[in-house]
Amino acid sequence: ALFWENNMDKAEERFWSYVKKTNMCWEWVGAKTKKGYGNFWGGDKYIYAHRFSYKLHKGEIPKGKGYHGTCVLHACDKPSCVNPAHLWIGTTKDNMQDMIKKGRKADSRGERSGVAKLTWKKVEEIRKIYAGGKDTLAVIGDKFGVDRATIGYIIRNKTWK
């Protein structure tokens with residue numbers, strides 16, 4: 001058992017000292033992650049504050065499958081909220097679907113990708129060069145610093161649609 005599970009009264013008292021209740025969300029005002037999730041020190045390790053709140057108010061969080069296991073999701077979409085009325089259990093897939101449904105998934109295709117070597121302007125140029133029929137995929141790829149397979153995907157509209 002974790003330290004805080006053996007000392008639940010002390011852990012719960014410390015937990016409440018970092019919660020600011022409003023009419024809607026219960027804001028975690030303690031330490032937070034870069035993404036805004038409450039970070040609660042349980043005495044031997046950190047636990048997300050919303051997960052601690054879920055466990056405190058609703059019971060055990062099922063183990064779940066996969067790398068992330070079972071997620072505790074926010075109906076209110078506020079990572080710092082610990083209001084148990086706003087928390088629900090789901091899979092990673094549920095979390096992704098909820099994110100998409102609520103319009104929080106950033107579109108990182110094309111130029112917006114952090115690893116893109118091309119721009120839309122270059123893709124248009126690639127298509128014009130290929131349509132001219134003078135250069136092979138490998139030659140065009142060399143000109144733009146990408147593999148010939150990448151050029152093939154662009155030409156066939158598999159990528160950069």
Side-chain angles (χ1 to χ4, degrees), residues 1-124 126 144-147 149-151 153-154 156-161:
L2 298 173
F3 172 83
W4 57 268
E5 290 173 329
N6 293 330
N7 297 286
M8 196 58 164
D9 291 341
K10 288 181 183 177
E12 187 176 346
E13 186 179 322
R14 281 191 325 91
F15 173 82
W16 288 117
S17 72
Y18 294 107
V19 176
K20 179 184 172 190
K21 287 186 179 182
T22 67
N23 289 340
M24 293 296 293
C25 293
W26 296 357
E27 181 79 21
W28 179 259
V29 295
K32 294 179 187 169
T33 67
K34 289 179 183 178
K35 293 187 178 183
Y37 292 95
N39 222 358
F40 179 62
W41 177 249
D44 55 354
K45 73 174 197 169
Y46 281 99
I47 180 172
Y48 283 132
H50 66 286
R51 290 180 70 86
F52 185 87
S53 181
Y54 186 95
K55 188 170 181 165
L56 182 65
H57 295 93
K58 296 184 177 186
E60 277 304 311
I61 300 168
K63 179 91 171 113
K65 296 178 183 175
Y67 176 75
H68 291 289
T70 302
C71 300
V72 176
L73 298 93
H74 291 85
C76 60
D77 271 352
K78 285 188 77 175
S80 60
C81 180
V82 296
N83 184 342
H86 297 183
L87 304 176
W88 57 285
I89 290 290
T91 63
T92 301
K93 183 178 179 181
D94 294 331
N95 198 18
M96 294 296 112
Q97 289 174 335
D98 184 55
M99 179 177 66
I100 291 165
K101 182 176 79 176
K102 293 176 178 173
R104 288 184 288 111
K105 184 174 186 321
D107 185 357
S108 60
R109 294 175 292 178
E111 293 180 49
R112 291 181 295 263
S113 168
V115 295
K117 293 182 178 180
L118 301 171
T119 62
W120 279 108
K121 188 175 180 178
K122 288 180 180 179
V123 168
E124 289 170 4
I126 288 167
F144 290 89
V146 296
D147 190 84
T150 301
I151 301 300
Y153 287 134
I154 291 169
R156 293 190 311 275
N157 286 315
K158 298 282 184 191
T159 57
W160 293 87
K161 298 176 186 179

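Treat the numbers as computed from the prediction; the structure is a model and nothing was measured.
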Criterion side chain to side chain contact (heavy atoms under 4.5 Å, CB included) on Leu118 and Trp160, from CA distance to verdict: CA-CA 10 Å; Leu118 301 171; Trp160 293 87; 3.9 Å; yes
Derivation of the side chain to side chain contact (heavy atoms under 4.5 Å, CB included) call for Ile126 and Ile151: CA-CA 8 Å; Ile126 288 167; Ile151 301 300; 3.8 Å; yes
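- Ring geometry for His57 against Trp16 counts as perpendicular: the plane angle is over 60°, on a 0 to 90° scale with 30° as the lower cut.
- Rounding to the nearest 0.5 angstrom, the gap separating the OG1 atom in Thr150 from the NZ atom in Lys158 is 14.5 Å.
- In this structure, the side chain of Thr70 engages the main chain of Pro62 through a donor-acceptor pair within 3.5 Å.
- Counting non-hydrogen atoms of other residues, nucleotides and ligands closer than 6.0 Å to OH of Tyr18 gives a total of 12 or fewer.
- Applying the 6.0 Å contact sphere to NZ of Lys102 captures more than 12 heavy atoms from other residues, nucleotides or ligands.
- Of the possible donor and acceptor atoms, none in the side chain of His86 sits under 3.5 Å from a partner among the backbone N and O of Cys81.
- Heavy atoms only, all atoms of each residue included: Leu73 and Gly90 are closest at CD1-N, 3.3 Å.
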Evaluation steps, side chain to side chain contact (heavy atoms under 4.5 Å, CB included), between Glu27 and Thr22: CA-CA 8 Å; Glu27 181 79 21; Thr22 67; 5.5 Å; no
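- Residue Cys76 holds its SG atom at 8.0 Å from CE of Met24, rounded to the nearest 0.5 Å.
- To the nearest 0.5 Å, the span separating CZ on Arg51 from CD1 on Ile89 amounts to 7.0 Å.
- Of the inter-residue distances, the one linking Asn39 atom CG with His50 atom NE2 reads 10.5 Å to the nearest 0.5 angstrom.
- Scanning both residues, Tyr37 and His74, for their nearest heavy atoms gives CE2-CE1, 3.9 Å.
- The side chain to side chain contact (heavy atoms under 4.5 Å, CB included) with Ser53 is formed by just one residue from the set Val19, Asn83, Leu87, Ile47; it is Leu87.
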Trp88/Asp98 under side chain to side chain contact (heavy atoms under 4.5 Å, CB included): CA gap, chis, key distance, verdict: CA-CA 12 Å; Trp88 57 285; Asp98 184 55; 4.1 Å; yes
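- Judged by distance alone, with hydrogens and angles left aside, the side-chain atoms of Lys78 form no donor-acceptor pair with the main-chain N or O of Trp26 at under 3.5 Å.
- Legend: residues meeting ring pair (Phe, Tyr, Trp, His ring centres under 6.0 Å) with Phe15, ordered by chain and number and at least two apart, are Trp28, Phe40, Phe52.
- In this structure a side-chain-to-backbone donor-acceptor pair under 3.5 Å is present from Lys58 to Pro84.
- A side-chain donor-acceptor contact under 3.5 Å links Asp94 and Thr91.
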